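Working notes for the structure below.
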Amino acid sequence: GAVVSQHPSRVICKSGTSVKIECRSLDFQATTMFWYRQFPKQSLMLMATSNEGSKATYEQGVEKDKFLINHASLTLSTLTVTSAHPEDSSFYICSARDGKSGNTIYFGEGSWLTVV
Amino acid sequence: RKEVEQDPGPFNVPEGATVAFNCTYSNSASQSFFWYRQDCRKEPKLLMSVYSSGNEDGRFTAQLNRASQYISLLIRDSKLSDSATYLCVVNGFNAGKSTFGDGTTLTVKP
């Protein structure tokens with residue numbers, strides 16, 4: 001079946017640095033990808049919708065200058081957490097929508113970010 | 001009111017029980033519907049799509065009621081391994097916005 005690969009799966013970074021997370025659709029083209037964060041025992045929180053070749057649409061309350069999203073190709077979207085702080089530590093998950101299989105959404109494996 | 005609403009639970013049921021979850025949506029133009037399963041500290045995984053005619057996959061049955069704008073997931077003969085959070089997803093018209101419910105937590109006990 002369709003696969004979405006997310007990298008890195010775990011990353012530890014120092015406060016004030018930036019970290020980039022990649023999301024790739026491996027066997028389908030994804031015109032739309034989504035980025036979420038999830039805190040322990042809480043539900044997924046949609047951060048932004050990423051459309052290939054255009055600017056991402058951010059959800060209310062999500063700082064677009066802090067969470068930079070780039071969707072430069074039909075198979076790759078990246079999320080860069082800039083000037084990370086400990087409160088940014090979370091589980092970040094991407095998903096990609098496969099328009100050729102009834103708009104089914106497939107998730108990446110997620111990235112655990114720890115800011116120290 | 002949220003666009004997609006689920007009863008958060010938790011649902012605590014004994015092994016072998018039948019349990020049902022509902023998910024209501026507000027946009028009548030919504031086109032496609034799915035159920036996902038998320039295990040603790042893992043990403044959600046597609047469980048099944050939901051079709052207008054209803055569909056079944058082993059112990060799992062999904063149904064769509066467009067008139068009342070809800071989808072349901074029925075799990076028969078619950079297993080311990082069914083313990084997870086179940087998320088519904090509603091896709092908007094013409095591949096529009098995809099909206100997730102907050103999830104329903106199921107715990108199956110021996």
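In this text the structure is predicted, and so the values were computed from the model without any measurement. In what follows, chains carry the letters A, B, and so on, assigned in the order in which the sequence lines appear, proteins first and then strands, with residues in each chain numbered from 1.
The environment of B:Y51 atom OH is sparse: at most 12 non-hydrogen atoms of other residues, nucleotides or ligands sit within 6.0 angstrom.
Counting heavy atoms from C-beta outward, B:E5 and B:T24 have side chains that approach closer than 4.5 Å.
Here the closest non-hydrogen pair linking A:H71 and A:L76 is CD2-O, 3.3 Å. Taking each heavy atom of B:Q38 and B:E43 in turn, the nearest pair found is CG-C, 4.1 Å.
Tested against B:R59, the residues B:T18, B:D82, B:D77 include a single side-chain hydrogen bond (donor to acceptor under 3.5 Å, both in side chains) partner, B:D82.
In this structure, chain B has a heavy atom under 4.5 Å from the side chain of A:I93, while its backbone stays farther away. Interface remark: A:T104 contributes backbone and side-chain atoms alike to the contact with chain B (heavy atom separation under 4.5 Å). With a 4.5 Å cut-off on non-hydrogen atoms, A:Q42 does not touch chain B at all.
Annotation: residues 17-26 of chain A contacts chain B through no residue [non-hydrogen atoms, separation under 4.5 Å]. Scanning residues 107-116 of chain A against chain B with a 4.5 Å heavy-atom cutoff picks out A:F107, A:G108, A:E109, A:W112, ordered by number.
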Could you walk me through whether B:R76 and B:E56 pass salt bridge (charged side-chain N to carboxylate O under 4.0 Å, His left out), step by step? CA-CA 11 Å; B:R76 291 181 297 278; B:E56 188 174 307; 3.5 Å; yes
Please walk me through it: do B:R66 and B:L64 pass side-chain contact (heavy atoms from CB on, under 4.5 Å)? CA-CA 6 Å; B:R66 284 194 182 274; B:L64 165 64; 3.8 Å; yes
Can you check side-chain contact (heavy atoms from CB on, under 4.5 Å) on A:T82 and A:D65, steps first, answer last? CA-CA 8 Å; A:T82 63; A:D65 294 330; over 6 Å; no
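The backbone N or O of B:L47 sits nowhere less than 3.5 Å from a side-chain atom of B:Y86 that would complete a donor-acceptor pair.
Once rounded to the nearest 0.5 Å, the distance linking CD1 of A:I69 with NZ of A:K55 reads 13.5 Å.
Counting heavy-atom pairs under 4.5 Å between each of B:S32, B:G103, B:P44, B:C40 and chain A puts B:P44 at the top.
In this pair, A:Y36 and B:F100 present their aromatic rings perpendicular. The plane angle is above 60°, beyond the 30 to 60° band.
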